[in-house]
Amino acid sequence: MTQRERQLLNWIEENPLISQQELADKAGITRSSVAVHISNLMKKGYITGKGYIVHTAPYVTVVGGVNLDIGGQAAKALVPQDSNPGTVRMSLGGVGRNIAHNMSLLELDVRLLTVFGDDANAQKIAASCAELGIDISQSPVIPGERTSTYLFINDEQGDMALAVSDMDIYRHLTPQMLSHRQKLLMGSQVIVLDTNIPQESIQYLAENSSVPIFADPVSTAKAGKLKPVLGRLHTLKPNRMEAELLSGVAITDEASLNRAADVLLETGLRRVFVSLGGGGVFAADHSGRAHLPVLPARMRNTTGCGDAFMAAIAWAYMQGTDLRHTAMAGLAASAIAMEGAETINPLLSAEALKKRAGL
């Protein structure tokens, strides 16, 4: 679904009896253009018949990792090969789960497709998802396996210094497993995936889905899984190093940043949002570009900023927001996430995001 189609569908959902001329006036385009977009929406199955009967209630499916996170926060500068004073906390995490959690705070209907170990940690995660309203009904428990665990250490500034992941269980998230859940996937408005899942499963989703796919590269070690399918993705959210790896362009200044975006978009990718840390975000699609600075925030923990950003740009897509305002939504969610003591800031909400982003 294109950004314009998403915008029109939102208006149709609000008022199923709205006329094509009224839609044209709201969108600032011709009535004939609206007719073409509506025809495309009908062909894609999002609306049926006259009166614009919406086919299904919109939901997002996240395909990715769930973890038990064990986090250490250093009280002062880290000393290698020594015991460092600080605090240690256990929480629920995983890129996919964190994105889904943030989406639930943004009041999206979320389905999480993952695999669980046969252990108490899986039960904790399942109970939390139930409280948050995240549907995990099609995520299987794998007998005899361990639920994924992620161990990270933050420096005294709250930035991650080191991490170790035990994620072998994701070998069970196979193309065959996904094929048995095709109805769930094809009914989604958006599929968000992270690269904790096997490369062949990413390939399966890319080749067998007509739904827009948003991809989080997760790390430079795993980002390469996306390279063969870049042209089949709708939205990519890499950091600077991941963008360099996927584009083959060393990013050192604004010109090289634009060259990297050119290479990525030439694959057929629809949009890219390159996270530049303190340098803000560089957003690009086939009709424009924007380099936006970070929003003011009191930094406490940056661990979950990327997950909040991805949730927010998916939320903004569901709202029919343009490239620049989508990037603003992502930056706002990241700023809110940064101000929380935990990976997920419970103060995130659609209203808080709109206020911070000026939407």
Side-chain angles (χ1 to χ4, degrees), residues 60 62 64-76 78 86-108 110 112 124-125 127-134 149-163 165 192 194 216 218-219 237 239 273 275-281 292-316 327-359:
V60 180
V62 179
V66 297
N67 304 320
L68 174 68
D69 284 349
I70 304 173
Q73 173 66 54
K76 54 185 179 180
L78 286 168
T87 57
V88 176
R89 296 182 179 180
M90 298 177 67
S91 61
L92 306 182
V95 174
R97 196 216 70 90
N98 288 347
I99 292 171
H101 189 158
N102 281 296
M103 286 179 171
S104 74
L105 294 176
L106 293 172
E107 301 177 7
L108 292 179
V110 190
L112 177 59
K124 291 178 183 177
I125 296 170
S128 172
C129 287
E131 290 179 7
L132 294 166
I134 298 170
T149 303
Y150 181 68
L151 170 68
F152 65 91
I153 298 174
N154 288 345
D155 64 20
E156 75 281 8
Q157 300 296 324
D159 289 320
M160 187 177 71
L162 186 68
S165 59
V192 177
D194 74 51
D216 189 322
V218 177
S219 68
K237 186 204 71 65
N239 61 23
F273 296 85
S275 173
L276 301 169
V281 65
L292 303 176
V294 296
L295 296 177
R298 178 176 175 270
M299 187 177 73
R300 297 182 67 188
N301 185 350
T302 62
T303 307
C305 291
D307 302 332
F309 190 101
M310 176 60 91
I313 63 175
W315 172 87
M328 286 296 297
L331 288 167
S334 294
I336 295 169
M338 186 186 303
E339 293 175 341
E342 307 294 339
T343 303
I344 307 292
N345 188 343
L347 296 180
L348 177 65
S349 68
E351 287 306 311
L353 185 152
K354 290 176 184 178
K355 183 176 180 180
R356 186 70 71 96
L359 299 178

Donor-acceptor pairs under 3.5 Å, side chain of residues 68-76 to any protein atom, not counting sequence neighbours: which ones?
residue: Gln73; atom: NE2; partner: Asp155; partner atom: O; Å: 2.5

Output side-chain donor-acceptor pairs under 3.5 Å for residues 327-338, partner residues at least two apart or in another chain, one line each.
residue: Ser334; atom: OG; partner: Cys305; partner atom: O; Å: 3.2
residue: Ser334; atom: OG; partner: Gly330; partner atom: O; Å: 3.0

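Scanning for side-chain hydrogen bond (donor to acceptor under 3.5 Å, both in side chains) contacts around Asp216 gives an empty result, with sequence neighbours left out. Considering only residues two or more places apart in sequence or on other chains, Glu339 meets the side-chain hydrogen bond (donor to acceptor under 3.5 Å, both in side chains) condition with Arg356.
The line from NZ of Lys354 to CG of Leu106 is 10.0 Å long, rounded to the nearest 0.5 Å. The CG atom of Leu353 lies 13.0 Å from the CG atom of Leu347; values are rounded to the nearest 0.5 Å. Rounded to the nearest 0.5 angstrom, Ile125 CD1 and Asn67 CG are separated by 7.0 Å. The OG1 atom of Thr303 lies 4.5 Å from the CZ atom of Phe152; values are rounded to the nearest 0.5 Å. Here the straight-line distance linking atom CG of Leu108 with atom CG of Asn102 works out to 10.5 Å at 0.5 Å rounding.
The salt bridge (Lys or Arg N to Asp or Glu O under 4.0 Å) pairs that include a residue from residues 97-108 number zero, where partners must be two or more places apart or lie in different chains. Listed by first and then second residue, the side-chain hydrogen bond (donor to acceptor under 3.5 Å, both in side chains) pairs involving residues 340-353 are Arg89-Glu342 (not counting sequence neighbours).
Heavy atoms only, all atoms of each residue included: Lys237 and Gly306 are closest at CE-O, 3.5 Å. Considering all non-hydrogen atoms of both residues, Ile99 and Met310 come closest at CD1-CG, 3.7 Å.
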Test side chain to side chain contact (heavy atoms under 4.5 Å, CB included) applied to Ile344 and Leu105, step by step: CA-CA 10 Å; Ile344 307 292; Leu105 294 176; 3.7 Å; yes
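Across Val192, Leu132, Val62, a single residue satisfies side chain to side chain contact (heavy atoms under 4.5 Å, CB included) together with Leu112, and that is Val62.
In terms of modelled atom types and a separation under 3.5 Å, the side chain of Asn301 and the main chain of Gly340 share no donor-acceptor contact. Side chain of Ser104 to main chain of His101: a donor-acceptor pair is present (N/O by atom type, distance under 3.5 Å, no hydrogens or angles).
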